[in-house]
Q: 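Pasting a structure below so you can have a look.
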Amino acid sequence: MIAVESLVKTRGGVRVLDEVSLAGAAGGVTALVGASGSGKTTLLRCLNGLETFEAGSLAVAGHRLVAGPHPPATLEVLRRDVGMVFQQFNLFPHLSVVDNVTLGPRVVLRETVSVARGRALDLLDRVGLADFATARPATLSGGQQQRVAIARALAMRPRVMLFDEPTSALDPAMTAEVLDVIVDLARSGQTMVVVTHDHGFARRAATWVVELAAGRVARQGPPPDVLG
Ligand SMILES: Nc1ncnc2c1ncn2[C@@H]1O[C@H](COP(=O)(O)OP(=O)(O)OP(=O)(O)O)[C@@H](O)[C@H]1O
Ligand SMILES: [Mg+2]
């Protein structure tokens, strides 16, 4: 599902990813940890084709990206299979919760309104938000909004989910409810890569931990080996 081989990404002449290879991140849940500025977000964005890179290659959900500009056709199919959840939830403020979740399936997957809606309601139930389908995002807590964002990503039936510090904007109670959803997803067999500063969560949910330091892989391995 995920392979990264000697990835090099430079910005302004500086290697922000310096020969990054992920060894054991094939499936399961990979936690990406490391200090601020170590390249975690950049690596995640490379996995989703949001960044180009200068050398190396990667494969995600069966799609291969190499150095240089990515062909638009490749990006289109890749992004269908790779969902991403950001720090800031990026919900559409003018759409109800359920319409946020059905938009992608209707437009991109061409699902009918009734099919998309039925699935959206199931997903909202799964993230504990069955009662909020008609609400506007602004009336929800941060944790609730992030759970809508997760449901929205899942509605596209991604083979791989990428999370960039999904709880960093949340207080501890809201963090716990979002992490519970992610742990539940992990147990259901969803392949994912999660950028996190929360080592307790990484220990609980991850099958593989990668620690970046200044753009290089400092350590990687099973959670107990890397996190001590
Ligand atoms: N848009 C940009 N333009 C120039 N440099 C950037 C840009 N975004 C990130 N960088 C640089 O690239 C490097 C890696 O940044 P990145 O955002 O991937 O780190 P991170 O590990 O996600 O950090 P954080 O934990 O703070 O989110 C840093 O040195 C950063 O300053
Ligand atoms: Mg980051």
Side-chain angles (χ1 to χ4, degrees), residues 2-25 29-60 65-70 75 78-79 82-91 142-143 145-147 149-150 152-153 158 160-172 174-175 178-179 181-182 185-186 191-206 208-221 223 226-228:
I2 298 170
V4 177
E5 191 63 47
S6 303
L7 207 69
V8 175
K9 163 85 188 165
T10 62
R11 282 203 186 102
V14 177
R15 285 192 172 201
V16 294
L17 294 177
D18 189 4
E19 303 271 347
V20 168
S21 298
L22 301 190
V29 181
T30 302
L32 208 49
V33 303
S36 183
S38 58
K40 306 181 297 294
T41 294
T42 305
L43 179 55
L44 216 59
R45 289 172 54 87
C46 284
L47 283 172
N48 201 20
L50 288 167
E51 303 272 2
T52 58
F53 43 88
E54 282 76 32
S57 65
L58 63 83
V60 59
L65 295 178
V66 296
H70 302 315
L75 292 181
L78 182 147
R79 290 195 185 134
V82 182
M84 187 144 174
V85 173
F86 302 89
Q87 239 170 324
Q88 300 300 335
F89 330 118
N90 297 327
L91 297 174
Q145 290 186 54
Q146 189 60 302
R147 285 183 281 149
I150 293 170
R152 180 177 60 176
V160 174
M161 283 275 279
L162 308 175
F163 293 87
D164 192 0
E165 298 197 59
T167 62
S168 62
L170 304 176
D171 70 26
M174 293 192 284
T175 292
V178 169
L179 291 183
V181 167
I182 297 174
L185 263 182
T191 297
M192 44 192 171
V193 181
V194 187
V195 173
T196 182
H197 287 290
D198 184 338
H199 287 193
F201 164 72
R203 227 182 284 272
R204 186 154 66 110
W208 192 255
V209 179
V210 177
E211 184 188 350
L212 290 181
R216 300 188 70 99
V217 175
R219 291 186 296 176
Q220 61 183 321
V226 175
L227 302 172

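For ligands, and for the atoms within them, numbers begin at 1 and follow the listed sequence.
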Q: Any atoms of ligand 1 less than 4.0 Å from a non-hydrogen atom of Ser38? List them with their elements.
A: 19 (O), 21 (O)

Q: With Leu44 as reference, evaluate Leu50, Val194, Val195 under the side-chain contact (heavy atoms from CB on, under 4.5 Å) test and give the passing residue.
A: Val195

Q: Would Glu19 and Arg216 count as a salt bridge (Lys or Arg N to Asp or Glu O under 4.0 Å) if you check the C-alpha gap in whole Å, the side-chain angles of each, and the deciding distance to 0.1 Å?
A: CA-CA 7 Å; Glu19 303 271 347; Arg216 300 188 70 99; over 6 Å; no

Q: Take every heavy atom of Ala35, measure it against each atom of ligand 1, and state whether any distance is under 4.0 Å.
A: yes

Q: Which heavy atom of the protein is the closest neighbour of atom 14 (C) of ligand 1, given with residue, atom name and distance?
A: Gly37 O, 3.5 Å

Q: Measure the distances from the heavy atoms of Gly34 to every atom of ligand 1 and state whether one is below 4.0 angstrom.
A: no

Q: Quick one: which ligand 1 atoms are inside 4.0 Å of a heavy atom on His197?
A: 25 (O)

Q: Give the atoms of ligand 1, by number and element, whose distance to some non-hydrogen atom of Val16 is under 4.0 Å.
A: 12 (O), 13 (C)

Q: Can you tell me how far CG of Leu32 sits from CH2 of Trp208, rounded to the nearest 0.5 angstrom?
A: 13.0 Å

Q: With a heavy-atom distance limit of 4.0 Å, tell me whether Lys40 approaches ligand 1 through its side chain, its backbone, both, or neither.
A: both

Q: Supply the atom-to-atom distance Ile182 CD1 to Thr167 OG1, rounded to the nearest 0.5 angstrom.
A: 7.0 Å

Q: Working to the nearest 0.5 Å, report the span between CG of Leu17 and OG of Ser6.
A: 12.0 Å

Q: Looking only at protein heavy atoms, which one is nearest to atom 4 (C) of ligand 1, and how far off is it?
A: Arg11 CD, 3.4 Å

Q: Pairing donors with acceptors under 3.5 angstrom, does anything connect the side chains of Glu5 and Ser57?
A: no

Q: Considering only non-hydrogen protein atoms, determine which one is nearest to atom 17 (O) of ligand 1 and report residue, atom name and distance to 0.1 Å.
A: Thr41 CB, 3.8 Å

Q: Hey, does Arg45 sit under 4.0 Å from ligand 1 if you only count heavy atoms?
A: no

Q: For atom 31 (O) of ligand 1, is some protein heavy-atom partner under 4.0 Å away?
A: no

Q: Would you mind reporting whether Met192 and Thr30 have side-chain heavy atoms less than 4.5 Å apart?
A: no

Q: Hey, does the side chain of Lys9 reach the backbone of Thr52 with a donor-acceptor pair shorter than 3.5 angstrom?
A: yes

Q: Would you say Leu47 and Val4 make side-chain contact, with heavy atoms under 4.5 Å?
A: yes

Q: Under 4.0 Å from any heavy atom of Thr42, which atoms of ligand 1 are there?
A: 14 (C), 15 (O), 16 (P), 18 (O)

Q: Is a side-chain donor-acceptor pair under 3.5 Å present for Thr42 with Arg11?
A: yes

Q: May I ask you to check if any N/O/S atom from Thr41 comes under 2.8 Å of the Mg ion (ligand 2)?
A: yes

Q: Would you mind running through ligand 1 and noting each atom that sits below 4.0 Å from a heavy atom of Glu165?
A: 25 (O), 27 (O)

Q: Which residue supplies the protein heavy atom nearest to atom 24 (P) of ligand 1, what is that atom called, and how far is it?
A: Ser36 OG, 3.7 Å

